[in-house]
Amino acid sequence: DQNRWKKPLFTVGAMEPLPLDDIMSVLKGVTLKPHHSTVPDSIAAGNTLHELDRITQDIIDIILKARPTYVPGDEIRVPVASKPVVLSKGINLARLRRVRRQYLKLSQVAQPTSRADAANGFVHYLCLNA
């Protein structure tokens, strides 16, 4: 059986010194293959502005749908973001658009690496500035 636990690379006795140089050389040569579950959902380099635009517009749409029943201080859950949107003032479309434009300009300087980062960053920026 080729199971790695049944056939270790090195066998060391209790009183023997560890072959650290050999172990380090083996470890340096090991590269792990990225799996779907370990690779973050990234934004493609050529699509960054379009993706940010779409993500922020989706969040604005969710906020606008909550407008009829919204009371300042309520939480609005956004599916992509890990934290809810909490606005201290009422929902104002002009203010939301202004904050969105500001966030898109700021994101050009420090681009988020994933959709979740973009959504969380925009929600955080909204909570502070809207």
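One-based numbering along the sequence shown. Just so it is clear, the values below take in all heavy atoms, side chains as well, and ignore hydrogens, waters and symmetry mates. Since this is a predicted model, take the numbers as computed values, not measurements.
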Fill in the blank from the handout: Ile62 meets the side-chain contact (heavy atoms from CB on, under 4.5 Å) criterion, sequence neighbours left out, with Ile76, Val78, Pro79

Exercise for the section: Enumerate the residue pairs fulfilling salt bridge (charged side-chain N to carboxylate O under 4.0 Å, His left out) with a member in residues 64-86, sequence neighbours excluded, ordered by first and then second residue. Expected result: Glu75-Arg77

Practice task
Measure from the side-chain N and O atoms of Arg115 to the backbone N and O of Glu51, and report whether any donor-acceptor pair falls under 3.5 Å.
Solution key: no

Run the side-chain donor-acceptor check on residues 121-130: report pairs under 3.5 Å with partners two or more places apart or on a different chain.
{"residue": "Tyr125", "atom": "OH", "partner": "Gln102", "partner atom": "OE1", "Å": "3.2"}
{"residue": "Asn129", "atom": "ND2", "partner": "Tyr125", "partner atom": "O", "Å": "3.0"}

Exercise for the section: Look only at the side chain of Asn120 and the backbone of Ala116, and say whether a donor-acceptor pair between them is shorter than 3.5 Å. Expected result: yes

Fill in the blank from the handout: Sorted by chain and number, sequence neighbours left out, side-chain contact (heavy atoms from CB on, under 4.5 Å) with Val12 holds for Glu16, Leu18, Pro19

Problem - CG/Asp61: more than 12 non-hydrogen atoms of other groups inside 6.0 Å - result: yes

Only distances under 3.5 Å count here; give the side-chain donor-acceptor pairs of residues 86-99 to other protein atoms, sequence neighbours excluded, each with its distance to 0.1 Å.
{"residue": "Asn92", "atom": "OD1", "partner": "Ala94", "partner atom": "N", "Å": "3.0"}
{"residue": "Arg95", "atom": "NH2", "partner": "Gly90", "partner atom": "O", "Å": "2.5"}

Completion exercise
Taken to the nearest 0.5 Å, the spacing of Leu49 CG from Gln108 CD works out to 6.0 Å

Problem - Residue pairs involving residues 53-75 (criterion ring pair (Phe, Tyr, Trp, His ring centres under 6.0 Å); sequence neighbours excluded) - result: none

Practice task
Find out whether Val80 and Asp58 are in side-chain contact, i.e. whether some heavy atom of one side chain is under 4.5 Å from a heavy atom of the other.
Solution key: no

Exercise for the section: Look up atom CG in Leu64 and atom CD1 in Ile59, then write down how far apart they are to the nearest 0.5 Å. Expected result: 12.0 Å

Handout entry: Where Tyr103 and Ala118 come nearest, the two heavy atoms and their spacing
Key = OH-O, 3.1 Å

